[in-house]
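These numbers were taken from a predicted model, which means no experiment stands behind them. The sequence lines fix the lettering, A, B, ..., with proteins before strands; numbering per chain opens at 1.
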Amino acid sequence: MSKQKTYYSQFLLLLVVLILCFFINLSLGSVSIPLKSIFGSLFGSLENNTWEIIIIDYRLPKAITAILVGSGLGISGLLMQTLFRNPLAGPFVLGISSGASLGVALVILGSGLFGGLLTTVLISKWSIVIASSLGSFLVLMAVIAVSSKVRDTMAILIIGLMFGSITAAVVSVLSYFSSAEQLQQYIFWGFGSLSNLSWQDLLIFFGIYTIGIILSIASIKGLNSLLLGDNYAKSLGLNLKQNRLILILATSLIAGTITAFAGPIAFIGLAIPHLTRQIFKTSNHKILLPAVFLFGAIVMLICDSIAQIPGSDYTLPINAITALIGAPVVIWLLVRQRKMIF
Amino acid sequence: MNIDTKNIILKAENLSIGYKTKKAKFIVASNINFELQQGQLIGLVGANGIGKSTLLRTLIKVQPTLSGSILLNGNVLESINTLDLAKQLSIVLTEPLSSKNLTVYELVALGRHPYTNWIGNLTKNDADVINNALDLVNISGLKDKRCYELSDGQLQKVMLARALAQDTDIIVLDEPTTHLDMYHKAYILKLLQKLTKETGKTILFSSHEIDLAIQLCDSMIVMKADKVIYNAPCNLISSGVFESLFPKDLIAFDSKTGSFRVNK
């Protein structure tokens, strides 16, 4: 008589909602395309060539990006919250996103310093991806190095915020010495965007993302024992150092590539794990991890659909939408429940 | 291996405990010797700050030894890897849980981690061990409750059940009776005694409940400023060990009743 609760109905519901959101996302935009034609263009029986180009080359990669970004940020937030045993942890609060921003800033803004021919080589998509992943990895390593000396988890969060401030300062110094064009390029990157990815970019993105997800899935058991605290986890046979390194590697790979391809997207990483815990009411990562995946993807698709402002030619920065829509939802949920489940 | 050594689960030889920094060693206690036998209940007592927690932390390999050796089932503690250690020694600490959102069953099930596969799936055997552990400490009725809904006494029993589910030769508990009322203090220690008898496990606990420990333990480790003594409670009383445990200005040990009295 196993008492492990299963959540099949919730998972089924989330999956249906995800598929629904996916197709709604495909149909909405400056040109509204009926669902029937979407299926038509996806499965090859075309009747309208323009629509097919819009769907295949623009909206489909964007929707897939949204799914990867939402699920990836949610999962990296979950990993950080368990690793640091702090409900406030997330890629942003710990300075991981700022680290990625710093890497990108060095490439975009700092390329002026190298000048001439190098510039075009440096601002390829690859260099931005590498710089951003490297930036997030280095900041996370620094946070971990400090956290092994400081036992108080609150102090670690403050240190993460300080790293964030330092990178922000370096970015502003860099931007002071950059040309207007470079600055504009960096600021647009900072707005966050899901729509700049070609199919080829998406393949690279998906590859790195998958490695991160596999590492996360491999750590599920370790994550569960970390819920008891470091000493208990160790007494259960967990190799703390190795486990910590894998979690950091997974987070920086996921959060780093997302920030590289889609810009620093706020809120999702912190909020999705909390929203998921409110619905699933469990701390078991075997359930939380897939739930966060589905939930993050759904929220990101909804945010992207709103950012398009259906029927108009405008596209709002995705970064603004995630915070505008999401933050009040989190506040409302927490006020209603009066208690943070962690 | 002869029968004598087979029954000894945990053994300390000329053990020195304390803290090491780059510059100096800070010795908390030294010349510690004891042999904990299978199926025994052992109490560790001593004044505040005397080094009870340091000793326990050293015994569970959280902290390195300064000198001397600790043998667990005949093997040097330092040489046992984390996973093998997890199958031989389980712990109940005073530190609070990181997450209290787990159900009692989930928490006790975590004790099976050293035995489960890479993702932590529970087999039929695991489920039996977990249910048995819940039964042994009488908390089967609580298994769907969440840890934040429990009282301190219930939570302590849950943590004990988790250690039992880990199915180790020895369980080490750091002050399992703090924050509990008088009844639950006696209840927990009596439960520990029952468990040693029923499961044949060795249980070592530190406590400030000296009178209860004297009544229930098979043997005791008494830590004093100058030395650490290991013996059966009745021998400890007759040799007058408890009289000098605390400064004599406030309380005195009454060897007839085996308890401390406040000086009138």
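Interatomic distance, CD1 of B/I60 versus OG of A/S235, reported as 7.5 Å (0.5 Å rounding). To the nearest 0.5 Å, atoms CG (B/L110) and NZ (A/K221) are separated by 10.5 Å. Rounding to the nearest 0.5 angstrom, the gap separating the CZ atom in A/F84 from the OG atom in B/S98 is 13.0 Å. With rounding to the nearest 0.5 angstrom, the CG atom of B/L102 is 7.0 Å from the CG atom of A/L228.
Chain A forms more heavy-atom pairs under 4.5 Å with one residue of B/Q166, B/K61, B/R57, B/K87 than with any other, namely B/Q166. Among B/I119, B/L97, B/T168, the residue making the largest number of heavy-atom pairs under 4.5 Å with chain A is B/I119. Of the listed residues B/L83, B/L93, B/D84, the one with more heavy-atom pairs under 4.5 angstrom with chain A than any other is B/L93. Per-residue counts of heavy-atom pairs under 4.5 Å with chain A were compared for B/I91, B/L85, B/D128; the largest is that of B/I91. Between chain A and the residues B/D126, B/T103, B/T116, B/L89, the most heavy-atom pairs under 4.5 angstrom are made by B/T116.
No donor-acceptor pair under 3.5 Å is formed between the side chain of B/E95 and the backbone N or O of A/D230. Here the side chain of A/R277 pairs no donor or acceptor atom with the backbone of B/N101 at under 3.5 angstrom.
Side-chain polar atoms of B/N121 and A/K286 form a donor-acceptor pair below 3.5 angstrom.
Heavy-atom minimum distance, B/A86 versus A/G237: CB-N, 3.4 Å. Between A/K234 and B/V62, the shortest heavy-atom contact is NZ-CA, 4.2 Å. Of all heavy-atom pairs between B/R146 and A/K281, the closest is NH2-O, 2.5 Å. The two residues A/L236 and B/R162 make their nearest non-hydrogen contact at CD2-NH1, 3.4 Å.
Residues B/E106 and A/N224 fail the side-chain proximity criterion, which asks for heavy atoms closer than 4.5 Å. Two residues are said to be in side-chain contact when any heavy atoms from C-beta on lie closer than 4.5 Å; B/L107 and A/L227 fail this criterion. The closest side-chain heavy-atom distance from A/N239 to B/T82 is not below 4.5 Å.
Of the atoms belonging to A/I217, heavy atoms from both backbone and side chain fall under 4.5 Å from chain B.
Under a cut-off of 6.0 angstrom, the local environment of OH in B/Y187 is crowded, with over 12 non-hydrogen atoms contributed by other residues, nucleotides or ligands.
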